[in-house]
S.K.: 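Below you will find the structure I want to go over with you.
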Amino acid sequence: SESELNAGIEDGVRRRDFINIAAVSFAGVGAAAVVLPLVNQMNPSADVLALSTTEIDISAIQPGQAIKTSWRKQPVFVRNLVAKEIAEAKAVPLGDLRDPQTIDERTKPGKENWLITLGVCTHLGCVPLGAAEGENKGDFGGYFCPCHGSHYDTAARIRKGPAPKNLVVPPYEFTSDTVVTIG
Ligand code: FES
């Protein structure tokens, strides 16, 4: 009968819809499974970055030495200052500083020899040179930015040149005597 025929057609249509929807869903899942890891790798979300920390073994960094590492894709300098460099930083009157900060404000109590800063010039973001490169440490014994000649002192405070601010001290903790965790 005509009504049976119509019912049969409707069933057929519904079944095809289901098959089409199922096919699309599977394709969707497959594509997402392939694409998501790529996206995560290329462009980590703010949440992932916000959680990322960097552990640094500082046991091999001798007094007077520095290493360059990275945290959240930015260079980080970890420098083991000698007593003379700490004394030099302490001798500078705060009034002489463009961005006044004591060395104590830039280090941890009892660990004043460990100077940890981002290796990002506060002028336009070049990577300054320092003890790690054994190169030009500038006029103030700290870091020197080769891009436009900013000089930072032994506490990585801006002393000369166009940079407006000291090298940034990132959040960090001493997880043990030999391990620093940044972030
Ligand atoms: Fe360092 Fe300009 S970027 S002085």
Side-chain angles (χ1 to χ4, degrees), residues 40-109 111-175 179-183:
N40 282 343
Q41 240 172 341
M42 291 180 329
N43 183 22
S45 70
D47 285 352
V48 170
L49 279 181
L51 292 172
S52 76
T53 57
T54 298
E55 278 199 357
I56 303 161
D57 180 354
I58 57 171
S59 58
I61 310 170
Q62 299 304 313
Q65 288 187 337
I67 62 156
K68 189 156 81 182
T69 177
S70 73
W71 169 65
R72 298 184 192 174
K73 299 186 172 177
Q74 301 176 95
V76 171
F77 298 143
V78 180
R79 189 162 169 173
N80 190 351
L81 297 171
V82 296
K84 180 173 170 283
E85 292 171 318
I86 297 170
E88 271 172 28
K90 286 194 166 162
V92 182
L94 281 186
D96 287 3
L97 295 170
R98 189 178 299 171
D99 179 12
Q101 264 188 326
T102 64
I103 189 167
D104 290 344
E105 290 173 87
R106 294 174 59 71
T107 55
K108 302 282 185 205
K111 305 265 189 196
E112 290 82 4
N113 58 313
W114 291 107
L115 179 68
I116 300 175
T117 61
L118 298 187
V120 179
C121 182
T122 60
H123 180 221
L124 294 174
C126 287
V127 180
L129 302 172
E133 287 81 11
E135 288 179 35
N136 193 337
K137 289 196 258 172
D139 294 352
F140 297 89
Y143 295 98
F144 171 71
C145 183
C147 288
H148 317 94
S150 284
H151 298 250
Y152 297 88
D153 69 12
T154 56
R157 298 173 300 192
I158 183 64
R159 300 295 296 278
K160 190 170 130 187
K165 293 279 186 184
N166 303 333
L167 293 189
V168 170
V169 176
Y172 71 90
E173 294 297 336
F174 282 85
T175 327
V179 177
V180 168
T181 302
I182 304 179

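Atom set for the values below is all heavy atoms of this structure, side chains included, hydrogens, waters and symmetry mates excluded. Both ligands and their constituent atoms are indexed starting at 1 by order of listing. Numbers here are sequence positions counted from 1.
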S.K.: For K90, is there an ion pair with E112 - N to carboxylate O distance below 4.0 angstrom?
M.R.: no
S.K.: What's the count of protein N, O or S atoms under 2.8 Å from atom 1 (Fe) of ligand 1?
M.R.: 2
S.K.: Side-chain contact test, heavy atoms from C-beta onward, threshold under 4.5 Å: evaluate it for P63 versus N113 and give yes or no.
M.R.: no
S.K.: Could you walk me through whether Y152 and C121 pass the side-chain contact (heavy atoms from CB on, under 4.5 Å) test, one step at a time?
M.R.: CA-CA 9 Å; Y152 297 88; C121 182; 3.2 Å; yes
S.K.: State whether a side-chain donor-acceptor pair under 3.5 Å links T181 with T175.
M.R.: yes
S.K.: State whether the SG distance for the cysteine pair C145/C126 is less than 2.5 Å.
M.R.: no
S.K.: Would K111 and F174 count as a cation-pi pair here, with the cationic atom under 6.0 angstrom from the ring centre and within 45° of the axis?
M.R.: yes
